[in-house]
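Contents: one structure, followed by commentary.
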Amino acid sequence: MVYDLLVVGAGPYGLSIASHAAAAGLNLRVFGRPMASWRDNMPRGMFLKSEPWASNLSDPAGQWRLDVYCAEHGLTARHAKPIPVEAFAEYGLWFARNAVPGVDERTVIRVAAGPDGFTAVTEDGEEVQARTVALAVGVMPFVEVPQALRGLHPALVTHSSHHSDLDRFRDKDVTVIGGGQAALETAALLAEQGTRVRVLARAEQLRWNDVPPPWERPWYQSARSPHSGLGPGWRNWFYAERPNFFRRLPEPTRARIASTALGPAGAWWVRDRVEGVVELLPGHEVTAACAVPGGVRLDTASRAGALRSLETEHVIAATGFRPRCDRLGLLSPELRGTLAALPDGSPEVGRGFESSYPGLFLAGLVTASGFGPAMRFVQGASFTASTLVRGVRRRLGAMPVGGIVPAPVDGSRSESPSPVHG
């Protein structure tokens, strides 16, 4: 059988895409362990940073929302009250059971061009044929660790996303690298379990998000600074609500926003758990690291050039993710090599989230440079799912009998040029 659409990944974006595709009548397969990174790569005790009302997976009827799940399970989904990550992961499983046709939990290890469009190979060797593919692989392929730490053994250095719990660090000495939510909340959890912990960040000063304004407030306050799924303010509202317009901005503007907007900051509800509790070392960058008896020695430099060394038993790099074409390792080298890339190395995507290779669609973090900061959060899943499925239907309607005509060697599109992407 040749499927209309193969969805690779079963996190918030993959499940949302699958729900919309099923409602559109597409013959599809969905592969991936539902909510895997939320279940396996975040320690117990963490909370979702986004507001509950901005954390819905998307089905066309809006029936399977987070607040519905919470109401059915005796939980609270209220503005300015963070949701535990464990509860959000369970919500995703509930969504998958109710809004998505059967998810195949096997892992797809390779996607290549095939006779009818694409051939996907599962972990146990089955080959699946599909006319179009939507990659919703989340963030794990794009883990970013500072260069100075990359040569050290995983017993000494890990990424913050490598931990489903932090118990192994009880009564240890740990240094967390980074100044964003992952770094600060990880440090808080470590301190609360008795770990000696410090945070080392490049920024001269750590940033904290403010407590969100009340949901109901005078009209003039809402007019001046509207609520949005990415935080209050018109700029955040634009990123959250108008990704299609964001894509039409000049590429240098999009690149600047993608690299600076909604930068590293801690949630307001973590601040009291960190300040005065955790040793904070802002304004320091790791310049070198080496293994020493009992752990790691870190050499750091401040922006003023001051040098410092410290020793620690383990380093957790909470240094984010860098979505690049060359990190899409499940794509065959031939297919990956055809992808047109933006200057930051991320793949270029068209108006329907289609890559430069016809029929290959992308979703999630990997599209943030094209559609804006919302694609880094669950907030972006609704726009992505509806827009991408429309793109798939356009592609299927334009497809010749026998499959997809491969893209030219230079990776240019077969769709009409847009004002931004040729």
Side-chain angles (χ1 to χ4, degrees), residues 12-13 16-17 20 47-60 62 65-67 77-83 88 139 180-181 207-270 320 323 342 344 346 349 351-353 363-391 418-421:
Y13 280 80
S16 297
I17 291 165
H20 282 254
F47 287 85
L48 202 63
K49 191 177 183 184
S50 57
E51 291 288 342
W53 52 267
S55 304
N56 296 306
L57 278 65
S58 180
D59 64 285
R65 303 185 311 275
L66 177 58
D67 62 334
R78 189 171 66 240
H79 179 66
K81 183 175 176 60
I83 294 285
F88 181 71
V139 299
Q181 175 69 7
R207 293 181 60 246
W208 299 95
N209 297 130
D210 294 328
V211 178
W215 183 253
E216 295 185 1
R217 52 197 171 129
W219 67 267
Y220 58 87
Q221 293 182 2
S222 295
R224 185 165 60 243
S225 181
H227 286 296
S228 87
L230 301 181
W234 281 107
R235 186 172 298 181
N236 288 337
W237 181 91
F238 173 71
Y239 301 151
E241 302 296 333
R242 295 294 183 269
N244 51 331
F245 292 158
F246 181 94
R247 180 182 166 271
R248 296 178 180 273
L249 295 173
E251 192 282 323
T253 302
R254 288 188 286 112
R256 175 179 55 79
I257 294 172
S259 64
T260 60
L262 302 171
W268 56 272
W269 39 265
V270 175
L342 297 171
D344 66 359
S346 65
V349 287
R351 61 192 175 101
F353 288 91
L365 175 67
V366 75
T367 68
S369 291
F371 284 91
M375 303 303 122
R376 291 157 39 194
F377 301 91
V378 180
Q379 164 71 27
S382 180
F383 174 83
T384 298
S386 59
T387 305
L388 186 148
V389 169
R390 286 197 300 271
S418 73
V420 176
H421 302 293

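For this chain, numbers begin at 1 and follow the sequence in order.
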For the atom pair [atom1] ([X]) and [atom2] ([Y]), what is the distance rounded to the nearest 0.5 Å?
X	Y	atom1	atom2	result
Arg242	Leu249	CZ	CG	13.5 Å
Ser228	Glu241	OG	CD	7.0 Å
Trp269	Lys49	CH2	NZ	8.5 Å
His20	Ser382	NE2	OG	5.5 Å
Ser55	Ile83	OG	CD1	7.5 Å
Phe353	Phe371	CZ	CZ	4.0 Å

Over all heavy atoms of both residues, which pair between [X] and [Y] is shortest? Give the atoms and the distance, please.
X	Y	result
Asn236	Leu230	ND2-O, 3.5 Å
Val349	Arg247	O-NE, 3.7 Å
Tyr13	Ala363	CD2-CB, 4.2 Å

State whether the side chain of [X] and the backbone N or O of [Y] hold a donor-acceptor pair below 3.5 Å, judged by distance alone.
X	Y	result
Thr367	Gly370	no
Arg207	Gly266	no
Ser16	Pro12	yes
Asp210	Pro212	no
Asn56	Arg65	no

Report the residues that fulfil side-chain contact (heavy atoms from CB on, under 4.5 Å) with Trp215, sequence neighbours left out, ordered by chain and then residue number.
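Trp215 satisfies side-chain contact (heavy atoms from CB on, under 4.5 Å) with Trp53, His79, His227 once adjacent residues are dropped.
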Go through the structure and list residues passing ring-ring contact (aromatic ring centres under 6.0 Å, His included) with Phe238, not counting sequence neighbours.
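Per chain and number, Phe238 pairs via ring-ring contact (aromatic ring centres under 6.0 Å, His included) with no residue.
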Can you sort out the partners of Trp234 under side-chain hydrogen bond (donor to acceptor under 3.5 Å, both in side chains), two or more places apart, ordered by chain and number?
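Counting only residues at least two positions away or on another chain, Trp234 forms no side-chain hydrogen bond (donor to acceptor under 3.5 Å, both in side chains).
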